[in-house]
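Computation of the quantities below employed the complete heavy-atom set of this structure, encompassing side-chain atoms and omitting hydrogens, waters and symmetry-equivalent molecules.
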Amino acid sequence: MSSAPVPTIPHHSLLVFLLQVAVLLLLATALGQLAARFHLPAIVGELLAGVIVGPSLLSHVWPALADWLLPKEPGQLHLLDAVGQLGVVLLVGITGMELKFDLVRRRGATAVRVSLAGLLLPLGLGVGMGYLLPASLIPGGTSPTVFSLFLGVAMCVTAIPVIAKTLIDMNLLHRDIGQLTLAAGVFDDVVGWFLLSIVSAMATAGLTTGTIATALLYPVGVVVTAWLVGRPLVKWALRAAGRSASPAPTIAVVTLIVLLGAAATQALRLEAVFGAFVCGVLIGTSGELDGKKLAPLRTTVLAFLAPVFFATAGIRMDLSALARPTVLATACAVLAVAILGKFVGAYVGAKMSGLGRWEALALGAGMNCRGVIEIVVAMVGLQLGVLGAETYTIIILVAIVTSLMAPPILRFATARIDENAEAEMARADTMTRDLASQPPASV
């Protein structure tokens with residue numbers, strides 16, 4: 001006896017889904033372009049698109065339309081989520097492909113010192129703050145330790161795509177301070193994704209000695225396996241795809257590698273974005289990638305899938321929650337800790353490397369930019385149930401405010417960095433590399 005065929009998507013559900021994507025893409029594109037015209041990150045406008053049609057605005061202004069466009073049925077919203085998840089997985093994969101690891105090698109110890117100080121201080125402050133927040137803001141059933149660790153990770157990440165775009169727009173990418181900021185950001189990104197995968201595994205499996213050990217070992221195992229087994233396979237697949245003059249095989253292979261990597265880490269109960277990032281790094285460092293052939297994929301992701309993802313992230317914000325004094329006070333405290341931790345951490349790391357105060361301030365401004373990565377972290381926290389609507393909204397606000405802060409502070413600080421200071425910075429890096437390369441003195 002043959003089983004009945006699976007029913008297709010209902011007519012009305014498909015209609016609503018198509019209109020949801022169309023409305024979000026229209027608003028995200030228009031508001032993103034408007035933000036760019038005012039020299040703001042496009043992501044601010046894309047998030048605002050979701051805020052407009054979500055519970056923050058449309059639900060209060062026109063409840064009937066809001067309920068029709070965004071019905072409370074999980075199945076309907078999951079269709080939109082699926083598009084957003086595809087977008088963020090590919091976006092993170094592209095981010096991994098575009099990381100310039102030669103920057104870290106070139107700027108060496110200075111970049112690592114700045115990055116570590118800028119990671120550890122906000123991580124510690126974020127974890128400490130997580131334990132101090134009102135219990136009403138922690139979702140029921142969530143371990144305070146997991147919540148605090150997650151908040152710490154959210155406080156310590158940096159957004160390479162937003163930093164790079166800001167430096168390009170301000171014509172700072174070629175300067176030493178721009179290169180050093182990017183190098184430190186690359187290190188930040190790698191450690192941030194690693195920490196996110198660990199905390200996500202803890203949130204999924206609970207806090208026992210075995211699950212903590214597994215949460216620590218699985219990401220290491222993924223990276224080692226990817227390097228030893230995945231790297232040669234990726235090189236072979238890209239080389240085979242590259243033989244075609246058409247970009248289609250290369251785009252298909254790159255997309256397939258990123259999706260399979262995301263599926264692998266999702267199966268291990270880490271996070272899909274971690275696998276996408278690792279595979280993106282493998283692709284970018286393979287030496288077999290023709291960047292020009294990837295242009296259509298990059299355009300599709302950045303012009304369509306990513307804006308829809310950021311708009312869906314905005315839908316889940318509820319700015320009306322800030323009307324409650326407890327939530328507003330918490331938002332101000334978290335924002336202050338996030339900014340202070342990054343600036344002080346980067347400043348300390350810069351001073352340890354012998355840099356001046358203006359260089360340290362510029363590094364702090366660049367590293368403080370959370371942007372895309374913080375939004376991904378917040379979405380992961382919401383999906384895992386670690387964050388509630390209020391804490392999710394607070395973390396998205398941190399991403400927006402810190403992204404808006406970066407350009408004016410960078411402009412102010414870099415205007416005060418003279419060429420002599422940048423020459424000293426380059427000489428300090430050279431001396432550090434020379435000392436590291438010398439053989440140890442015999443006793």
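Residue V337 comes nearest to M129 through the heavy atom pair CG2-CE, 3.5 Å, listed as atom of the first residue, atom of the second, then distance. Between A303 and T29, the shortest heavy-atom contact is O-OG1, 4.5 Å. Taking both residues in full, the closest heavy atoms of L57 and I52 are given as CB-O, 3.5 Å, listed atom of the first, atom of the second, then distance. The heavy-atom pair separating G130 from I138 by the smallest distance is O-CD1, 4.4 Å. Residues C279 and V258 share a closest heavy-atom pair of CB-CA, 4.2 Å. Shortest non-hydrogen contact noted between D318 and P55 is OD1-O, 4.0 Å.
Interatomic distance, I339 CD1 to K342 NZ, rounded to the nearest 0.5 Å: 12.5 Å. One finds the CG atom of L322 at 10.0 Å from the OG1 atom of T330 (value rounded to the nearest 0.5 Å). Between atom CZ of residue R298 and atom CE of residue M97 there is a gap of 10.5 Å, rounded to the nearest 0.5 Å. Note that the CG atom of L47 and the CD1 atom of I396 stand 6.0 Å from one another [nearest 0.5 Å]. Distance check, rounded to the nearest 0.5 Å: CE of M202 to OG of S143 gives 10.0 Å. L410 CG to L363 CG: the interatomic distance, rounded to the nearest 0.5 Å, is 9.0 Å.
Between the side chain of T225 and the main chain of V222, no donor-acceptor pair closer than 3.5 Å is present. Without hydrogens or angle criteria, T393 side chain to L319 main chain gives no donor-acceptor distance under 3.5 Å. Looking only at distances, no side-chain donor or acceptor of S115 sits under 3.5 Å from a matching main-chain atom of V112. A donor-acceptor contact shorter than 3.5 Å links the side chain of Y392 to the backbone of A313.
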Using the side chain to side chain contact (heavy atoms under 4.5 Å, CB included) rule, take F274 and V92 through it: C-alpha gap first, then chi angles, then the decisive distance, then the call.
CA-CA 8 Å; F274 180 61; V92 170; over 6 Å; no

Checking L121 against L340 for the side chain to side chain contact (heavy atoms under 4.5 Å, CB included) test, could you report, in this order, the C-alpha distance in whole Å, the side-chain angles of both residues, the deciding distance, and whether it holds?
CA-CA 9 Å; L121 185 60; L340 182 68; over 6 Å; no

Apply side chain to side chain contact (heavy atoms under 4.5 Å, CB included) to F309 and I375, showing your working.
CA-CA 10 Å; F309 165 72; I375 292 164; 4.2 Å; yes

Going through the distances and angles, do L151 and L133 end up as a side chain to side chain contact (heavy atoms under 4.5 Å, CB included)?
CA-CA 11 Å; L151 187 61; L133 291 187; 4.0 Å; yes

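Annotation: side chain of L80 is in contact with side chain of V21 (closest heavy-atom distance under 4.5 Å). You'll find the side chain of L384 reaches within 4.5 Å of the side chain of S200, heavy atoms only. Using a 4.5 Å heavy-atom cutoff, the side chains of M155 and V334 are in contact. Two residues are said to be in side-chain contact when any heavy atoms from C-beta on lie closer than 4.5 Å; V83 and T312 fail this criterion. Within the 4.5 Å cutoff, the side chain of V254 has heavy atoms near those of the L238 side chain. Between L196 and V380 the shortest side-chain heavy-atom distance falls below 4.5 Å.
Within 6.0 Å of the NE2 atom in H11, the count of heavy atoms belonging to other residues, nucleotides or ligands does not exceed 12. For CH2 of W68, the number of neighbouring non-hydrogen atoms (other residues, nucleotides, ligands) closer than 6.0 Å is greater than 12.
Side chains of K293 and S244: a donor-acceptor N/O pair is absent below 3.5 angstrom, by distance only.
Of the listed residues (R316, Q383, Q76), just one forms a side-chain hydrogen bond (donor to acceptor under 3.5 Å, both in side chains) with D81, and that residue is R316. Just one residue in the list I198, V376, V157 forms a side chain to side chain contact (heavy atoms under 4.5 Å, CB included) with W193, and that residue is V376.
For the pair R231 and W227, the cation-pi criterion (under 6.0 Å, within 45° of the ring axis) is fulfilled.
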